[in-house]
Amino acid sequence: MNPWLGWTLAVLAIAIGYVQYGGPGALLGITMVVFWLLLQFSRAMRVMRRAGAAPVGEVGSAVMLHAKLHAGMRLLDILPLAGALGRKVADAPETFEWRDASGARVRVEFERGRCVRWTLSRPDDVPDDGGGRAADGAPGATPPGA
């Protein structure tokens with residue numbers, strides 16, 4: 001939600017409460033605003049607790065995280081998708097990175113607290129020489145006798 005819209009609604013709730021019911025109405029409006037702020041704080045703490053319990057910079061699938069990203073997302077919106085805090089790799093622009101077990105990584109850049117760019121990088125595949133062995137001599141995907 002746009003902060004200007006949120007604070008405008010909060011002021012309107014207090015003003016309407018005061019106009020309709022006087023002091024008790026204004027108190028009800030203030031109570032509603034405080035309750036909304038507590039809900040937002042509780043959400044932020046829940047997201048951070050879950051993300052903080054996982055290893056920093058690791059994600060289940062970098063490809064799935066990359067597919068779910070879109071411009072304008074805040075870090076607080078990305079953390080539940082990633083399931084972990086990102087590793088900060090740059091300050092200007094603020095950049096975070098997540099990697100998965102296969103070595104693929106997602107790099108997300110933020111400007112003014114919003115996601116503006118993200119890239120997916122995959123590790124280079126090991127070429128197969130066609131003889132059932134990878135280029136480094138390890139057994140390949142071809143079964144013996146094939």
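These numbers come from a predicted model, not from an experiment.
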N/O donor-acceptor pair under 3.5 Å between Arg87 side chain and Gly57 backbone: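 No: the side chain of Arg87 does not pair with the backbone of Gly57.
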
Check: Thr95 side chain, Pro93 main-chain N or O, donor-acceptor pair, under 3.5 Å: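 Side chain of Thr95 to backbone of Pro93, a donor-acceptor pair under 3.5 Å: yes, one is there.
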
Of Leu27, Val19, Ile30, the residue whose pairing with Ile14 passes side-chain contact (heavy atoms from CB on, under 4.5 Å):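 Single pass found, and it is Ile30.
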
Other cluster members, Val106 - Ile/Leu/Val/Met/Phe/Trp/Tyr, side-chain contacts below 4.5 Å: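 Noted: Val106 shares its cluster with Val47, Met48, Val59, Val63, Leu65, Leu69, Met73, Leu75, Leu76, Ile78, Leu79, Leu81, Leu85, Phe96, Trp98, Val108, Phe110, Trp118, Leu120.
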
At what distance, to the nearest 0.5 angstrom, does [atom1] of [X] lie from [atom2] of [Y]?
X: Phe41; Y: Arg46; atom1: CZ; atom2: CZ; result: 12.0 Å
X: Glu94; Y: Glu111; atom1: CD; atom2: CD; result: 10.5 Å
X: Ile16; Y: Tyr21; atom1: CD1; atom2: OH; result: 11.0 Å

Salt-bridge contact Glu109-Arg107 (side-chain N to carboxylate O under 4.0 Å):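 Looking at Arg107 together with Glu109, the answer is no, because their closest N to O distance does not fall below 4.0 Å.
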
Flag side-chain contact, heavy atom, 4.5 Å: Lys68 against His66: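 Sidechains of His66 and Lys68: no contact.
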
Exercise: identify the closest heavy-atom pair between Ala84 and Glu58: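 That would be CB-O, 3.2 Å.
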
Contact summary for Pro123 and Ala104, nearest pair of heavy atoms: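 In terms of heavy atoms, the two residues are closest at CD-N, 3.6 Å.
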
Trp7 reachable from Leu38 in the ILVMFWY side-chain graph, under 4.5 Å edges: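 Same cluster.
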
Arg122 atom CZ, neighbour heavy-atom count above 12 within 6.0 Å: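 Atom CZ in Arg122 is not packed in, count stays at 12 or less.
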
